[in-house]
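A short write-up of the structure that comes next.
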Amino acid sequence: MVELLRTKLLIPQTRGNIVPRLRLVDLLNTGLDKKLMLIAAPAGFGKTTLVVEWLKQTNPPAAWLSLDEADNDLPRFLIYLAAAMQQVDEEIGLTLRSALQSPQPPAIEKLLTGLLNEIATRKDPVILVLDDYHLLTEAAIFEVMEFLLHHHPLQLHLVLTTREDPDLPLARLRARDQLIEIRARDLRFTPGEADTFFRDVMGLTLSRQDIAELE
């Protein structure tokens, strides 16, 4: 039996003095009718902070899972996935968690079908955030994620933060207009955001030329 670390299921806290990213929040809002929202950039670009602030502003039902290297075990990953969903709706994933802890669990496809059917019965949408997705390397987990995307219920909105592109059919999702992407070039500060950072966050008074050079 997997003993859950509850902090992996909590939406992280952000500090109070951060730069508002309204243009990116608006972009994420447009992704609520897509299958996947992908935030991909190197470390330090504020991927997690952006998603947390977006959730604060829009306040939708949201399930959060902070991933680590230990999650490269299919049963463990699925149990945490179900536990994350149960933070929104206690009925979602209950059967899956119970089945995975049995001596002879059913086939994975059957378990996933049951999970997606439970999500599809919801009247309200739910956002599932998988943070630090780049830490996953197990091929069986990639197959699970592709199954979830392929049979995606309308109520589920999947958000991935990652340092590298996931092993998912991104080209197909782009071609079908089922993907929102936010990348390093989008996460870089605009001149106005840089000005806000130096003035309001750092407490510095700089000229426009100085801000432009630093930005």
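Predicted model only: the values in this text are computed from it and were never measured. The figures here come from the full heavy-atom set of this structure, side chains too, leaving out hydrogens, waters and symmetry mates.
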### Stepwise side-chain contact (heavy atoms from CB on, under 4.5 Å) check, Arg122 with Ile92
CA-CA 9 Å; Arg122 282 182 57 85; Ile92 295 177; 3.5 Å; yes

#### Entry: Leu5 atom CG: more than 12 heavy-atom contacts under 6.0 Å
yes

### Message
In this structure, would Leu148 and Leu100 fall into the same cluster of hydrophobic residues linked by side-chain contacts under 4.5 Å?
### Response
yes

### Query
Where do Ala82 and Gly93 come nearest, in terms of heavy atoms and distance?
CB-O, 3.6 Å

### Query
Between Leu179 and Leu170, what is the shortest heavy-atom contact and its length?
CD2-O, 3.9 Å

#### Entry: Heavy-atom pair with the smallest gap, counting every atom of Trp64 and Leu10
CD1-O, 3.5 Å

### Query
Hey, are the side chains of Phe147 and Leu116 touching, using non-hydrogen atoms and a 4.5 Å cut-off?
yes

### Carboxylate-amine/guanidinium contact Asp165 Arg183, below 4.0 Å
yes

### Message
Looking at His134 and Glu164, would you say the former's side chain and the latter's main chain have a donor-acceptor pair under 3.5 Å?
### Response
no

### Task
Please check if Ile119 and Val88 belong to a single hydrophobic cluster, counting links between Ile, Leu, Val, Met, Phe, Trp and Tyr side chain heavy atoms closer than 4.5 Å.
yes

### Task
Considering non-hydrogen atoms only, spot the tightest contact between Leu187 and Ala41 and give its length.
CD1-CB, 3.6 Å

### Message
As an exercise, state the distance from CD of Gln86 to CG of Leu9, rounded to the nearest 0.5 Å.
### Response
9.5 Å

### Between CD1 on residue Ile79 and CG on residue Leu4, distance to nearest 0.5 Å
7.5 Å

### Hphob cluster co-occupancy, Tyr133 + Ile11, side-chain heavy atoms under 4.5 angstrom
no

#### Entry: Leu55, Leu65, Leu160 screened by side chain to side chain contact (heavy atoms under 4.5 Å, CB included) with Val129, the one that passes
Leu55

#### Entry: Flag side-chain contact, heavy atom, 4.5 Å: Met85 against Leu128
yes

### Message
Keeping Thr113 on the side-chain end and Glu109 on the backbone end, is there a donor-acceptor pair under 3.5 Å?
### Response
yes

### Query
Side chains of Pro75 and Asp73: does their closest heavy-atom pair fall under 4.5 Å?
yes

### Query
Does atom NZ of Lys56 have more than 12 heavy-atom neighbours, drawn from other residues, nucleotides or ligands, at distances under 6.0 Å?
yes

### Query
Counting N and O atoms only, with roles assigned by atom type, does the side chain of Arg97 sit under 3.5 Å from a partner on the main chain of Ala83, one being a donor and the other an acceptor?
no

### Verdict with supporting geometry, Thr137 and Glu69, side-chain contact (heavy atoms from CB on, under 4.5 Å)
CA-CA 8 Å; Thr137 57; Glu69 289 88 348; over 6 Å; no

### Message
Does any part of the side chain of Gln155, heavy atoms only, come nearer than 4.5 Å to the side chain of Glu118, both counted from C-beta?
### Response
no

### Message
Pair Leu38, Leu173 - check side-chain contact (heavy atoms from CB on, under 4.5 Å), show working.
### Response
CA-CA 11 Å; Leu38 178 68; Leu173 293 172; over 6 Å; no

#### Entry: Side-chain heavy-atom pair Leu136, Asp167 within 4.5 angstrom cut-off
no

### Task
State the OG1-CD1 distance between Thr161 and Ile182, to the nearest 0.5 angstrom.
11.5 Å

### Query
For Thr58 and Ile127, what are the C-alpha separation, side-chain angles and deciding distance, and is it a side-chain contact (heavy atoms from CB on, under 4.5 Å)?
CA-CA 11 Å; Thr58 55; Ile127 293 170; 5.5 Å; no

#### Entry: Exceeds 12 heavy-atom contacts within 6.0 angstrom, atom CD of Glu146
yes

### Summary
When rounded to the nearest 0.5 Å, the distance separating CG of Asp33 from NE2 of His157 is 8.0 Å

### Query
Rounded to the nearest 0.5 Å, how far does CG of Leu112 lie from CG of Leu96?
7.0 Å

### Task
Flag yes if Val159 and Met145 sit in one hydrophobic cluster, no otherwise; membership is Ile, Leu, Val, Met, Phe, Trp, Tyr, and two members link when side-chain heavy atoms are under 4.5 Å apart.
no

### Task
Would you give the length of the straight line joining atom CG of Asp132 to atom NZ of Lys47, rounded to the nearest 0.5 angstrom?
7.0 Å

#### Entry: Asp89 and Val126, any side-chain heavy atoms less than 4.5 Å apart
no

### Validation row: Met37, Leu32 side chains within 4.5 angstrom (heavy atoms)
yes

### Message
Using the rule side chain to side chain contact (heavy atoms under 4.5 Å, CB included), only one of Leu28, Thr49, Ile39 pairs with Trp54; which is it?
### Response
Leu28

### Message
For Glu91, I'd like to know if atom CD has over 12 heavy atoms of other residues, nucleotides or ligands within 6.0 Å.
### Response
no

## Note on the structure
In short, Arg21 meets Arg188 closest at the heavy-atom pair NH2-O, 3.6 Å

### Message
Ignoring hydrogens, what is the shortest heavy-atom contact between Lys35 and Leu149? Give both atom names and the distance.
### Response
NZ-O, 2.9 Å

### Query
Under a 4.5 Å cut-off applied to non-hydrogen side-chain atoms, are Leu22 and Gln57 in contact?
yes

### Query
Among the clusters formed by ILVMFWY side chains lying less than 4.5 Å apart, do Leu36 and Ile180 turn up in the same one?
no

